Amino acid sequence: MSMNERYEPQSIEPRWQKRWEEAGAFKAGRRPQAEPRYVLEMFPYPSGAMHMGHARVYTIGDALARYLRKRGYDVLHPIGFDALGLPAENAAIKDGRHPAERTRENIVSFRAEMKKLGYAFDWEREIVTADPEYYRWNQWFFLQMLQRDVVYRREGKANWCTGCNTVIANEQVVEQEGNQVCERCSSPVVEKVIPEWAFRITKYAQSLLDGLDGLGAWPERITTMQRNWIGKSEGAEVQFAAAGSAGTKIPVFTTRVDTIFGCTYVVLAPEHPLVAKLTAPERRAEVDAFVARMKKTDAVERTGENAPKEGVFTGARAVNPFTGEEVPVWIANFVLAEYGTGAVMSVPAHDQRDFEFAKKYGLPIKTVIQPPKGERTPPGDQLAAATTEDGVLDASGPFTGLSSAEARRKMSAHAAEQGFGHATVRWHLRDWGFSRQRYWGTPIPIVYCPDHGAVPVPEKDLPVVLPPQAIITGTGEPPLAKVAEFVNTTCPRCGKPSRREVETMDTFVDSSWYYARYLSPKDAARPFAPDAAKRWLPIDVYVGGPEHAVMHLLYFRFWHRVMRELGLVQEDEPCRRLVTQGIVNGSDGRKMSKRWNNSVAPGPMVDRFGADTLRLFILFAAPPEKDIDWSDSQVEGLHRFLRRVWRVYHDRQDCFGAPEAALAQAGGDFLELRRKTHRTIKRVTDGFEADLKFNTGIAGLMELVNALEAVAPKTDADRAAVREALVALAALLSPFAPHAAEELWHEVLGPGARDRLLAEEPWPSFDPALVAADTVTIAVQVNGKLRGEVQAAVAAGEPEVRALAEGDEKVKAHLEGKTVRKVVFVPKRLINFVVG
RNA sequence: GGCCCUCUGGCGGAACGGUAGACGCACUCGACUCAAAAUCGAGCGGGGCGACCCCCCGUCCCGGUUCGAGUCCGGGGAGGGCCACCA
């Protein structure tokens, strides 16, 4: 029995990967009696090759999954591929190939790379969203949601490329010399209103907002972003009557109804339906020209930061129901038709945007809010800027003197009593339009019948399969429209010749529920088995990038609620704990990209150093949520560490057979070694249990190796202590560097461990008696400054420590001639003499 | 403009309100070597001072709370993220 002197990851790693696979070590459901844990990383989008960012997410999740398995849980750690969608279609167009073919190849390469990295996935549960057996359930959900009015057809705004004559995605709109143009043909992009399918996510706005309170284990910045994105804003809707146009009301939404006595004009969005009706004949030409110009300008340009505020007077006047005053009605570029009521009451004295507009067009400014104390706000014509803070109402009729908050309540109530308004809530969140005029997505299961209109495809006819023969050019109508075999069908209701819906679903649909499909990935009768959902959901830990804060992570919370309503899942939230990992930058600190030529691919790194080295680098560089820079020398350092680990086992082979019974006799350096061993077990364990700080855990392992290198065992007791450390080290290393750990563990344990796998062995436990020190170093401070340190028993009280401290020469010098006014004693830590 | 986050040696990063800089990288010196690589040993925040002991300064800046602040509070600065004319 003699160990190879050299650490050779290239031969070790494939061997253990094979053993794990043969043993089915990472299959979920093998421990039905144990508590379940669901660890999930966001599945990859295989539009190209695997990159370092992927290696990072899966390495973080894998360390955790391996740890939890060793803790005895039944762990579900699945993987799949988010294969449909625009990027794959674009990549395919670029190299003139079919997205299915290209995607298939990419998946093969991803799978190989992931296996090379030794990830403990349950590969039997792999899903691919491009598989009809997956996306048929997207279609099934669509039908359920249509029935429940969660899916509906609406007129939506889309980016329309004037060159390609098609709708393009936001991602394809690029800025060129300040203009929004198509990335492919550089033609101007305009906003166009077209019919589309949408999810009524806004129906769940309150629930999605409330649910955030229970997500304490999510990063706060993510829940904050969601909160802002949902954007609940409480205010009032107030009806202004159009003067001279009996019965016409202009509803406005405001969060500051307390300022309504300062309203000096009303502004409508150019698209507002009342614009045509209200415009005075003599103003029509100018208004029409303005509206036409706004329609041609896209949203970003029109409402963006640098867009100047501009508007035109309609010639109409509106009556402020609180004051009976008539104010002019304008239209302006900055008012958004889709937010609130598409109309605003302008209070230039107390809103900066209204102020600027009023100044530009010479509209009156009226101060109606005064600060509760201090200097009074001057009249409107003397203001240099709007004062936007809450205060006390002034010149506001019967409401004068009320605080802003109280006034908002009373004025809303007053409006409701008088029938011209009410308190209301508005949301920033919009319904999710998911129609795409694209090929590489889930076909929407709808048939347009000349007699029956939009008819849902019956469930029994699912899936509506994406036809492979589509010609994808990316430059025309929806590609599916050109596939006659697909388009031409009969109405499910009456059998008349009909046309299929040719739009496909947004990719985000696929990722909204995939985590549930893993529970029973081959289920042919339903999207997944509810009893499996009961066992495994919600996800215990979800690892992914923070860039998904408001898209995917909101959509999947929405979808989970729908699934609960369908009786498929039990709880509100899909995921208990979220870990958002940082970016892997190039060694120059810039984002890895072709442009900077600073990309490093995981595959070649594994070939050179081994998967274990790459995994250790990723975990050691920084805590998961921080960005890291690639560093060749740091990687080499981690490889050096593994070689040192290897050598320490090689050099201490004589300890492998040491009798465990001798452990209790270990003394001196070897008792210290035992302490180090047990403290390291605690430290690494804490790293998993608390905040996933793998970097400090790995630092602890390095210290243990340093300690092992420093001892020279002579007796059986010495050797037993070394063996204990070697066994623990392998076990602690196994979530991070699983292959080397497995190999070393088997070397130490010898034939006794032949049929066992470290990956399945219980996590080591520590002896609290060895973790606790019996003597400690106590810092001695004088006036809070460190002046010395003393060794004392753990149990030492103040009098003993004080006596020791006062005996220290340095301390003595600092206490010389001073009066000790106070002594602060922190057991096991420090003693501080406060002198004067 | 709004909301949020971050700021510690040459670098990545450690530090229950209690010895700032664990661990690693880089660097310097030394050992081994004909030499190099690899490996091993030592040093490594700044200064007083080329050494010892020791002293002073030091966690973006200013102020506060505290016996004691990288950590808590207030104000400011710089960098980053998300949203952005949201009424």
Side-chain angles (χ1 to χ4, degrees), chain A residues 219-229 231 233 235-236 252-257 259 266-267 269 300 302-309 332-336 338-347 350-354 356-357 388 426-430 546-547 549-550 583 587 589 616-617 620-623 625-638 640-641 643-644 647 683 693 695-703 705-706 709 777-789 809-810 813-814 821-835:
Chain A
E220 204 182 315
R221 75 189 185 104
I222 301 293
T223 50
T224 302
M225 277 165 71
Q226 290 213 352
R227 208 167 264 124
N228 293 341
W229 184 262
S233 119
V252 304
F253 173 69
T254 178
T255 53
R256 290 298 303 275
V257 70
T259 64
V266 164
V267 191
V300 181
R302 193 184 104 195
T303 60
E305 183 184 9
N306 302 318
K309 292 174 186 25
N333 59 342
F334 62 85
V335 177
L336 309 173
E338 65 275 16
Y339 186 77
T341 60
V344 300
M345 60 170 224
S346 289
V347 184
H350 305 296
D351 181 282
Q352 186 57 28
R353 189 191 44 202
D354 295 346
E356 286 166 26
F357 193 80
T388 56
R426 296 286 158 176
W427 304 89
H428 173 269
L429 183 70
R430 307 296 153 83
E547 67 275 13
V550 288
I583 296 169
S587 49
L616 275 180
F617 165 74
F620 183 67
E625 64 280 3
K626 291 199 71 161
D627 289 353
I628 59 178
D629 293 347
W630 181 259
S631 160
D632 287 315
S633 49
Q634 197 77 236
V635 172
E636 281 160 24
L638 271 312
R640 201 146 57 218
F641 168 64
R643 284 208 308 260
R644 272 177 53 214
R647 201 181 51 226
R683 187 167 171 188
K693 280 202 155 188
N695 54 334
T696 53
I698 294 168
L701 297 179
M702 290 171 170
E703 287 182 34
V705 172
N706 292 345
E709 282 174 334
T777 306
I778 292 181
V780 184
Q781 297 182 341
V782 178
N783 284 347
K785 280 184 193 277
L786 181 71
R787 294 303 176 191
E789 53 188 41
E809 287 304 320
K810 253 165 76 183
H814 282 92
R821 298 194 191 283
K822 189 174 170 185
V823 177
V824 181
F825 175 66
V826 183
K828 293 190 270 189
R829 287 259 168 212
L830 65 70
I831 185 161
N832 184 13
F833 295 91
V834 184
V835 301

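Proteins get letters first, then strands, A, B, ... in listed order; numbering begins at 1 in each. Predicted model only: the values in this text are computed from it and were never measured.
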Visitor: Choosing from B/rC23, B/rU19, B/rA87, which nucleotide comes nearest the side chain of A/Thr254?
Guide: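 So the side chain of A/Thr254 is nearest to B/rA87.
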Visitor: Would you classify B/rG9 as syn or anti? Syn applies when the glycosidic angle is within 90° of 0.
Guide: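 Because its glycosidic torsion lies within 90° of 0, B/rG9 adopts the syn conformation.
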Visitor: If pairing requires Watson-Crick or G-U wobble contacts with both distances under 3.5 Å, which nucleotide is the partner of B/rG68?
Guide: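 When the pairing criteria are applied, nothing turns out to pair with B/rG68, so the answer is none.
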Visitor: Would you name the heavy atoms of A/Thr341 and A/Phe253 that are closest together and state the gap between them?
Guide: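 The answer is OG1-N, 3.4 Å.
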Visitor: To the nearest Å, give me how far apart NZ (A/Lys693) and C1' (B/rA14) are.
Guide: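 Value for this atom pair: 8 Å.
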Visitor: What integer distance in Å separates A/Leu830:CG from B/rU66:P?
Guide: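 Checked: the CG to P distance equals 18 Å.
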Visitor: Which of these nucleotides, B/rC83, B/rU19, B/rA87, is closest to any side-chain atom of A/His428?
Guide: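 For the A/His428 side chain, the nearest candidate turns out to be B/rC83.
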Visitor: What's the closest nucleotide to the side chain of A/Asn832 if the choices are B/rC40, B/rC86, B/rG18?
Guide: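 So the side chain of A/Asn832 is nearest to B/rG18.
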Visitor: Identify whether any heavy atom of A/Asn706 sits under 4.0 Å from a base atom; if not, whether one sits that close to sugar-phosphate; answer base, sugar-phosphate or nothing.
Guide: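 Sugar-phosphate, backbone atoms only, no base.
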Visitor: Roughly, in whole Å, what's the span from CG in A/Asn695 to P in B/rA22?
Guide: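 Value for this atom pair: 14 Å.
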Visitor: Among the nucleotides B/rG13, B/rC56, B/rG18, which one has an atom lying closest to any side-chain atom of A/Gln781?
Guide: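 Selected nucleotide: B/rG18.
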Visitor: Measure distances between side-chain N and O atoms of A/Arg430 and base N and O atoms of B/rC86, and say whether any donor-acceptor pair falls under 3.5 Å.
Guide: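 Answer yes: a donor N or O sits under 3.5 Å from an acceptor.
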Visitor: To the nearest Å, give me how far apart CH2 (A/Trp229) and P (B/rG2) are.
Guide: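 These atoms are roughly 19 Å apart.
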Visitor: What is the base-pairing partner of B/rC44, counting Watson-Crick and G-U wobble geometry with both distances under 3.5 Å?
Guide: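 Result: none.
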Visitor: Rounded to the nearest Å, what distance is computed from the CE atom of residue A/Met345 to the P atom of nucleotide B/rC85?
Guide: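 That distance rounds to 20 Å.
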Visitor: Just the rounded figure in Å: distance from P of B/rC67 to CZ of A/Arg821.
Guide: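 Computing the A/Arg821:CZ to B/rC67:P distance gives 13 Å.
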Visitor: Rounding to a whole Å, what distance do you find between A/Leu429:CG and B/rA84:P?
Guide: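 One finds 12 Å between P of B/rA84 and CG of A/Leu429, rounded.
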Visitor: B/rA78 pairs with which nucleotide, Watson-Crick or G-U wobble, both distances below 3.5 Å?
Guide: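 Here B/rA78 is engaged in a pair, and the nucleotide opposite it is B/rU6.
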Visitor: Is it the case that B/rC85 (base atoms only) and A/Lys309 (side chain only) share a donor and an acceptor within less than 3.5 Å, ignoring hydrogens and angles?
Guide: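 It does, because a donor-acceptor pair links the side chain of A/Lys309 to the base of B/rC85 below 3.5 Å.
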Visitor: Does B/rG50 pair with anything, Watson-Crick or G-U wobble, both distances under 3.5 Å, and if so, with which nucleotide?
Guide: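 Looking at the geometry, B/rG50 pairs with no nucleotide.
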Visitor: What's the closest nucleotide to the A/Met702 side chain, out of B/rC23, B/rC67, B/rC83?
Guide: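 Looking only at heavy atoms from C-beta outward on A/Met702, the closest nucleotide is B/rC23.
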Visitor: Is there a donor N/O on one and an acceptor N/O on the other, under 3.5 Å, for the side chain of A/Arg256 and the base of B/rA87?
Guide: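 Looking at the base of B/rA87, it does not pair with any donor or acceptor on the side chain of A/Arg256 (distance under 3.5 Å).
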Visitor: Could you tell me how far apart A/Met225 (CE) and B/rG2 (C1') are, to the nearest whole angstrom?
Guide: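 To the nearest whole Å, that distance equals 14 Å.
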Visitor: Between B/rU19, B/rC4, B/rG24, spot the one nearest the side chain of A/Arg221, thanks.
Guide: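 The nucleotide sitting nearest to the side chain is B/rC4.
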